[in-house]
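Counting convention: from 1, in listed order, for ligands and their atoms alike. Residue numbers start at 1 and run along the sequence shown.
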Amino acid sequence: MEAMAEGLGIAPVDALSAMVTALQGLGCSATGFGEHTDPQLISVLRSNGTSGLQIALQNGQWVSVPSDRDAFFVNVGDSLQVLTNGRFKSVKHRVVANSLKSRVSMIYFGGPAMTQRIAPLPQLLGAGEQSLYKDFTWGEYKKAAYNSRLGDNRLAQFHR
Ligand SMILES: O=C(O)CCC(=O)C(=O)O
Ligand SMILES: [Fe+2]
């Protein structure tokens with residue numbers, strides 16, 4: 001935050017960190033990153049070992065992902081859910097800010113090419129099994145995503 005303020009030429013330099021301190025003083029856990037699913041095929045995440053990442057179970061209960069700086073968190077995205085015709089689930093997740101330690105994460109998002117058609121892999125479809133989704137390209141999905149909010153179920157509009 002200090003470096004950002006410095007880069008922005010904001011004076012006094014500690015204006016932004018004062019804001020963070022004020023939030024921490026409230027003693028409540030703020031939203032670090034709102035609930036959402038990742039759009040791409042796969043996300044590979046590493047963090048600095050600070051807790052905060054949570055996934056939603058099917059019953060809506062939020063469960064914390066253990067914070068381990070030596071572990072990778074591999075997450076299925078919406079596109080892989082479609083490619084597997086729903087066998088792999090794009091799990092809803094969020095980050096709850098920790099008032100004691102900052103969470104830093106780096107994520108690799110593996111996404112398809114813009115013109116790529118996103119559809120269940122034929123070899124995964126059983127006899128007579130239909131795609132659960134309408135035909136769409138990654139570009140079409142992205143366009144729909146730009147018109148949605150972070151927490152929206154963006155795949156819903158592509159369901160058959
Ligand atoms: O920072 C994190 O741990 C997760 C962030 C995230 O879910 C995302 O960028 O898609
Ligand atoms: Fe995410």
Please confirm whether the backbone N or O of V63 pairs with a side-chain atom of Q54, one donor and one acceptor, at under 3.5 Å? no

CD1 (I118) and CG (D78) are apart, to the nearest 0.5 Å, by 10.5 Å

For Y141 and W138, take the angle between the two ring planes, folded into 0 to 90°, and tell me which bin it lands in: parallel under 30, tilted 30 to 60, perpendicular over 60. parallel

Can R154 and E140 be counted as an ion pair, charged N to O under 4.0 angstrom? no

Just wondering, more than 12 heavy atoms not from [X] lying within 6.0 Å of its [atom1]?
X	atom1	answer
Q58	CD	no
R160	CZ	yes
F109	CZ	yes
F88	CZ	no

What residue and heavy atom of the protein are closest to atom 1 (O) of ligand 1, and at what distance? S105 OG, 2.6 Å

Who's the nearest protein heavy-atom neighbour of atom 9 (O) of ligand 1, and how far? I107 CD1, 3.3 Å

Can you list the ligand 1 atoms lying under 4.0 Å from a non-hydrogen atom of [X]?
X	result
V95	1 (O), 2 (C), 3 (O), 4 (C)
R103	1 (O), 2 (C), 3 (O)
L45	2 (C), 3 (O), 4 (C)
D38	10 (O)
H93	7 (O)

Against ligand 1, does F109 come closer than 4.0 Å with any heavy atom? yes

For the Fe ion (ligand 2), every protein N/O/S atom that sits closer than 2.8 Å, waters excluded: H36 NE2, D38 OD1, H93 NE2

Tell me yes or no: between the side chains of D152 and H36, is some donor less than 3.5 Å from an acceptor? no

Under 4.0 Å from ligand 1, counting heavy atoms only, is it the side chain of H36, its backbone, both or neither? side chain

Can you confirm whether or not the ring centre of Y133 sits under 6.0 Å from the ring centre of F158? no

